[in-house]
Structures are given as C-alpha cells and as structure tokens.
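Written below as structure tokens is the structure these notes are about.
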Amino acid sequence: MTRAIALGSAAALIGATVRVAVVPVVVTPLFDDVLARQDLTRLVPLLLLGGALALLGAALLWAQDTAFGRAAAAASAGWRAALSARLVRRVPGTLPGSSGGLSARLLADLREVETFVLFGLGGAVAESATLVAVIAVLMWTDPVATATLVALALPAVLMLRVIGRRIEAASDLHLAGLERVGARLQEAFRHHETVRTYDADAFMAERLERDNRATERAMARRTTFAALQVPVSQVLVFGAIAALVTLLAQRAAAGVITTGQVVTFVTLVALLATPSQLLPKSVALAQQARAAWRRLATLDAAGPGQDDAPDQAPAAAPAAGATAGSDGAATRPAPSLRLTNVRLRVPGGPEVLRGGSLDLPGPALVALVGPSGAGKTTLLRTLLGFVPIDEGDVDVCGASLAADTGRVRRWVAAVAQGTDLLSGRVRDNLTLGRGVDDAALWTALEQVGMADTVAGLPGGLDTDLGEDGGGLSGGQRQRLAIARALLGDPAVVLLDEPTSALDAVAEREVVAVLRRQAERRLVLAVSHRPALVAVADLVLRLDDLRLSPVETTHEALSQALAADA
C-alpha cells in the first residue's frame with residue numbers, strides 16, 4: 001500500500017508539473033513569437049511539443065489513478081482484516097457493539113477511508129502541486145499581481161475550513177447511524193422465523209425506520225455542507241480573479257508587462273479553476289474519512305476486554321479418542337476441575353458465587369443445576385477463562401487457569417447454548433481451521449452418531465450448510481457441535497443446556513453421547529432436563545451464592561429440578 005501511494009503521488013506531482021509547464025513552454029511562445037512576431041517556423045515544433053506533453057499528462061493521470069486505486073483496495077482490505085481479527089480476539093461478551101452493527105461499521109467506515117484514498121488523495125496531491133506550481137510561475141511572471149491573488153483567495157480558504165468541520169461532524173453522525181441500521185437489519189434477518197411467526201414485520205420495520213430516518217438526515221446534512229464547498233470557493237475565487245484581471249489590464253496599459261505575459265498569467269489563473277473545484281471535494285472526502293478513521297481507531301484500542309491468551313496458529317487436533325496429538329504434542333492430562341474459595345460475579349452485574357470450593361476429578365458426567373440467573377453460564381465462561389474471578393483460584397487439569405489461560409484452554413472444549421454453526425461446509429464447521437484429517441472427522445462423527453447422517457448428505461463432509469447449520473435438524477446440529485468439541489480430544493467438556501431445545505428422541509441421543517464421553521473425560525453440563533440429570537455421576541446446585549452437591553436419589557433430583565422450574 002505504501003509503495004502504491006508513493007507511486008501515485010509521484011505520478012500526480014509530475015503530472016501537475018507537466019500541466020503547468022504547458023503554459024510557459026507552449027502558450028507564451030505561441031503568443032509572443034508566432035502571433036505577435038509572425039514567426040510561423042515555430043508553430044509546428046510548439047504544437048508537437050504541446051501534443052507530447054498532453055500524451056505524457058494522460059499517461060501520468062492513468063498511472064496516478066491506478067496506483068491510488070490499488071492503495072485504496074489494499075488499505076481497506078488490510079484494515080478490515082486487522083480490525084476483525086482484533087475484535088475476534090476480544091473476550092466474549094466485551095465486543096463494543098452488536099454483531100450487525102460492527103459488521104456495518106467495518107464496511108461503511110472503511111468505505112469512507114477507501115473512497116478518500118481512491119478519489120480524494122490523488123486529487124489532493126495533484127491539485128495541491130498544481131496550485132503551488134501555478135503560484136510559483138505567477139510569482140516569477142508578476143510578483144505584485146500574484147501577492148494580490150493570494151491575499152484575495154484567503155477568505156475562500158477560511159470558509160472551506162469552517163465548512164469542513166461541519167462535514168466531519170455530520171459524517172460522524174451518518175456513520176453512527178449506519179452502524180445502528182446494520183444492527184437492526186441483522187436482527188430482522190437473524191430472527192426471521194420469529195418475526196414471521198408473530199407477524200412482527202411492521203414492528204421490525206418501525207424499529208428500522210427510526211434509525212434509518214436519522215441516518216438519512218445525517219447524510220443529507222453532510223451532503224449539504226459538502227455541496228457548499230465548490231460553489232462557495234468558485235464565487236470567492238471568481239471575485240479574486242475579477243480583481244486580478246483589472247490589475248493586470250492596468251499594468252499592461254502602463255507597459256509594465258507584455259501582452260504575452262498577460263495571456264500567460266490569465267491562462268495560469270484559469271488553470272486554478274480545476275484545483276478550486278477538486279481541492280474542496282478532496283477536503284470534503286478527507287473530513288469524512290477523518291471521522292471514519294477516528295471511529296475505527298476506537299475499535300483498534302485493546303481495551304479491558306482484550307483476550308490476554310497468547311495468539312497461536314490453529315493447531316492440528318488429535319484424532320477423537322486419542323490421548324496425544326498427531327504432531328507429537330504432550331499427552332492429554334488427567335481430567336479435573338478445582339475451585340478454591342472462588343468469588344465470582346456476572347460481568348457488570350451481581351455476585352453469583354462466594355467462597356466456592358470444589359474438587360471434580362474425572363472422568364465423570366457432572367450436571368449443574370440451579371434457578372435461572374444463578375450464574376451457571378457465568379461459571380462455565382469462567383472455566384474457559386472468559387470471565388475473571390474476584391477472589392480465589394481455578395485449576396484445570398492441575399494447571400492454574402489465571403497463570404496459563406492459553407495452554408489450559410487447549411484442554412477444554414465447550415458447546416454453547418444454541419449450536420453456533422457457520423454457513424458453509426460440514427468439514428469447516430468441525431475443524432474451524434484446525435488441521436484434522438478425514439479419518440479423525442469421521443471418528444468424531446461416529447462417536448456422536450452422526451457419521452451415517454453426514455455420509456448421506458449430497459457432498460458428505462463438503463456439503464454446504466445454511467446459516468446456523470440450516471439443512472440439519474435441531475438434534476443433528478447439537479450432535480455436530482459436540483463432535484466439533486471432541487476433535488481436539490479435550491480432557492474437559494463444558495456444555496450449556498445441551499438438550500433444552502430438543503425433542504425427546506433427540507434428547508435421548510445426545511444424553512447417550514454425553515454418557516459415553518464421560519467414560520474418558522470430565523463432562524460438565526448445565527441442565528434442567530431430568531433425562532440428563534438422572535444419568536449424571538454428580539449433580540451440583542448453584543443457588544444463593546453457594547455451590548453444593550445434590551443427592552442423586554430420584555426424590556432429591558425431582559425436588560431440585562422443581563425448585564428451578
């Protein structure tokens with residue numbers, strides 16, 4: 001990108017020089033020698049020289065636009081990749097906006113920067129160079145007239161500065177509005193089935209309308225100020241030129257300058273018409289890009305939500321059922337979880353656990369129950385290193401979670417409430433970028449009872465799924481998510497309500513999968529469903545800031561689940 005900007009700037013500077021050089025090199029001799037002195041022998045050489053300069057200028061303009069076009073594309077793609085990677089690295093729950101809003105922001109804000117680099121930066125360089133070159137030649141031709149012109153142009157410069165500030169403020173409002181509109185659109189499409197079920201299309205349209213109209217008003221305000229720049233500058237510049245022509249006529253009549261010099265001066269001043277139109281537009285684009293850049297800079301800040309686990313390339317996952325990675329990684333540790341005097345609260349919310357201590361050796365299937373809002377999901381997120389504890393210690397497989405979050409996280413897999421499947425191939429949903437061979441994929445699918453289902457799809461592992469795993473039933477999606485978790489051969493598997501949205505048949509299938517996996521792993525599942533809780537080796541209850549075991553008798557379990565209903 002830097003090289004492209006340098007090449008584009010060089011082409012713009014040379015092009016501006018060529019454009020200005022045409023006047024003293026071709027126009028002045030044409031008037032003073034060919035027309036005034038009737039020296040026709042110089043006509044053809046001057047025309048050939050002028051043609052050559054015109055061709056050179058056209059080639060330079062092409063080089064300028066091409067270079068800045070490539071720079072704009074590279075800048076937008078580079079920033080989009082860097083910012084999205086930085087946002088994805090944040091701790092879950094700390095993103096500075098909704099998914100739809102952030103997506104709109106990365107597209108709309110970067111589009112403003114891209115537009116400036118593509119259309120504004122080249123024009124700013126070329127026309128600024130033209131302006132400087134013209135003033136230099138004018139100063140050499142007639143210093144008095146040039147000083148007068150510069151003084152008369154100062155009001156235009158000051159006015160453009162005032163308008164530019166208004167453009168930047170309006171651009172900030174417009175981009176913020178686009179972010180809100182993106183969030184509203186994402187809501188409507190993401191929850192399309194719910195919207196249609198309740199005939200809520202009018203409600204969703206009303207939600208969109210408020211933000212859409214506000215964005216429209218901000219855009220109109222920005223456009224109004226941007227449109228003012230060219231006419232305001234033209235009016236003020238025309239007044240300056242009118243005064244200048246009067247001065248030149250008086251000096252020519254007094255014999256101070258020649259007719260050729262007057263024509264040269266007027267022609268050069270006419271060349272300023274292009275900068276007077278394009279520079280204000282470049283300034284407007286720069287102000288819009290500056291507002292976008294400032295918003296993007298807030299996303300680039302690490303902030304308190306930045307994940308401090310070390311960046312690592314996707315590792316090759318061991319085959320499901322293995323105890324060591326295929327690349328010779330260390331043997332999987334013995335599964336265990338230990339909490340020592342843990343004090344925990346919902347981020348930005350109430351305390352959910354005080355003095356919690358627990359020692360869970362594996363393998364085992366452990367069910368975690370408790371009333372809604374007690375903090376069960378928060379506890380699972382803590383075990384993943386996503387929620388910090390206020391006091392105490394958390395050890396996973398014998399290692400401190402706080403001291404070695406990145407390493408510990410490789411031993412733990414999680415299945416969130418809801419399936420979190422991507423649109424795309426079954427293979428990609430399983431691997432998520434990890435280097436896993438097909439044999440390992442089929443082994444994991446076999447373990448969750450999905451091998452025959454995937455084999456029966458039109459493309460097998462390469463079958464494309466819709467959004468959120470569209471094309472599969474609820475139970476199939478859940479089992480596919482569990483297969484994904486098993487690919488890394490984790491010591492600990494955490495699940496949040498894995499059967500809450502399933503029918504009885506699908507629930508039995510998923511419970512059977514978890515029961516089998518608990519023979520060699522520590523499986524901790526948040527659940528309020530009797531089918532899962534009944535087969536657990538241990539049932540824990542989180543309630544009233546305490547974490548305590550529940551008797552596994554039928555009566556005790558029934559009472560615990562009834563209390564949470």
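Quick note: numbers below take in every heavy atom, side chains included, and nothing from hydrogens, waters or symmetry partners. The first residue in the sequence is number 1, and the count goes up from there. Because the structure is predicted, anything quoted here is derived from the model rather than measured.
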Which value, rounded to the nearest 0.5 Å, describes the distance between [X] atom [atom1] and [Y] atom [atom2]?
X	Y	atom1	atom2	value
Leu185	Leu178	CG	CG	10.0 Å
Asp390	Leu344	CG	CG	7.0 Å
Ile163	Arg165	CD1	CZ	12.5 Å
Arg180	Arg207	CZ	CZ	13.0 Å
Asn429	Leu422	CG	CG	4.5 Å
Leu401	Thr382	CG	OG1	8.5 Å

Donor + acceptor pair across side chains of Thr405, Arg409 (<3.5 Å): no

Tell me yes or no: between the side chains of Ser171 and Gln287, is some donor less than 3.5 Å from an acceptor? no

Please answer whether the main-chain N or O of Leu542 pairs with a side-chain N or O of Lys376 as donor and acceptor at a distance below 3.5 Å. no

Backbone N/O of Asp172 and side chain of Arg294: donor-acceptor pair under 3.5 Å: no

Does Arg343, at its CZ atom, have more than 12 non-hydrogen atoms belonging to other residues, nucleotides or ligands within less than 6.0 Å? yes

Within 6.0 angstrom of Arg70 CZ, more than 12 heavy atoms from elsewhere: no

If you look at every heavy atom in Leu296 and Trp79, which pair is closest and at what distance? CB-CZ3, 4.0 Å

By the definition side chain to side chain contact (heavy atoms under 4.5 Å, CB included), identify the one residue from Glu179, His174, Arg210 that meets it with Thr215. His174

For the side chain to side chain contact (heavy atoms under 4.5 Å, CB included) test, which of Val408, Val412, Val394, Val492 pairs with Leu383? Val394

